[in-house]
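Report on the structure given below.
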Amino acid sequence: AQTVTQSQPEMSVQEAETVTLSCTYDTSENNYYLFWYKQPPSRQMILVIRQEAYKQQNATENRFSVNFQKAAKSFSLKISDSQLGDTAMYFCAFIIDDKIIFGKGTRLHILP
Amino acid sequence: DAMVIQNPRYQVTQFGKPVTLSCSQTLNHNVMYWYQQKSSQAPKLLFHYYDKDFNNEADTPDNFQSRRPNTSFCFLDIRSPGLGDAAMYLCATSIGPRGGPQETQYFGPGTRLLVL
């Protein structure tokens with residue numbers, strides 16, 4: 001079975017701190033894409049970052065970066081210099097055959 | 001700007017009264033998806049269209065139907081809404097075909113359905 005596990009249901013950090021959200025997944029496929037989606041309280045799901053499984057280099061988008069460990073099937077998201085606008089639910093996901101497999105999400109609170 | 005649009009943002013219906021939610025996209029993507037998302041849960045895929053090819057998830061109730069009259073529009077029909085169908089309904093699109101970054105899904109803002 002293909003699954004995504006986010007072990008942290010909820011986290012809180014102070015503004016400007018760095019925070020890491022963990023994600024592990026399970027698949028027997030070799031080629032796939034991993035994603036972090038952000039869903040703020042307004043509820044629009046927004047793509048944060050994408051990682052191709054065949055690439056060893058970790059993806060980076062401004063303050064967002066991932067630590068992708070393919071052998072360990074781990075895909076954590078690091079948010080540097082966190083901002084109040086980063087408060088949201090974060091979903092880790094991977095896509096196979098046009099279908100997203102979502103984790104249950106981590107609710108992140110950035111505190112002023 | 002190219003985007004995924006969902007109307008209305010909030011929909012109220014009565015128990016058992018059919019309701020239709022709409023989604024349109026200006027991205028010209030081949031694949032369109034409908035998800036149901038309940039509070040504090042991950043979205044649950046109901047079905048998707050690859051062009052005109054309809055793909056239903058095995059556990060999607062028969063109460064939920066979909067139509068895609070053209071590339072730009074996709075509709076979710078709930079034939080007899082129950083109280084348990086109250087949720088946020090998300091539409092998403094991707095370029096397709098299978099494989100590659102074309103699979104990245106882009107989401108609309110969602111329609112929150114309330115069943116009275």
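Computed from heavy atoms alone, side chains included, the values below leave out hydrogens, waters and symmetry copies. Residue numbering restarts at 1 for every chain, and letters A, B, ... go by the order of the sequence lines.
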Using every non-hydrogen atom in the two residues, find where [X] and [Y] come nearest and quote the distance to one decimal.
X: A/Met89; Y: B/Ser40; value: CE-CA, 4.3 Å
X: B/Gly108; Y: A/Gln44; value: C-NE2, 3.5 Å
X: B/Ala42; Y: A/Phe102; value: CB-CB, 3.8 Å
X: A/Phe91; Y: B/Gln41; value: CZ-O, 3.7 Å

Is [X] linked to [Y] within one hydrophobic cluster, defined over Ile, Leu, Val, Met, Phe, Trp and Tyr using a side-chain heavy-atom separation of less than 4.5 Å?
X: B/Tyr50; Y: B/Phe107; result: yes
X: B/Leu46; Y: A/Ile101; result: no
X: A/Ile49; Y: A/Met11; result: yes
X: B/Phe54; Y: B/Phe64; result: yes
X: B/Val4; Y: B/Phe47; result: no

(message) Heavy-atom cut-off 4.5 Å, strictly under: side chain, backbone, both or neither for B/Gln6 against chain A?
(response) neither
(request) Report, by ascending residue number, the residues of residues 59-83 of chain A in heavy-atom contact with chain B at a distance under 4.5 Å; give 'none' if the set is empty. (result) none
(request) May I ask you to test the A/Leu47-B/Thr104 pair for a side-chain heavy-atom distance under 4.5 Å? (result) yes
(message) Are the side chains of B/Gln105 and A/Met45 in contact, using a 4.5 Å heavy-atom criterion?
(response) no
Crowding at [atom1], [X] (>12 non-hydrogen neighbours, <6.0 Å):
X: A/Gln14; atom1: CD; value: yes
X: B/Lys17; atom1: NZ; value: no
X: B/Asp62; atom1: CG; value: no

(message) Please classify the contact between A/Tyr32 and chain B as side chain, backbone, both or neither, with a heavy-atom cut-off of under 4.5 Å.
(response) neither
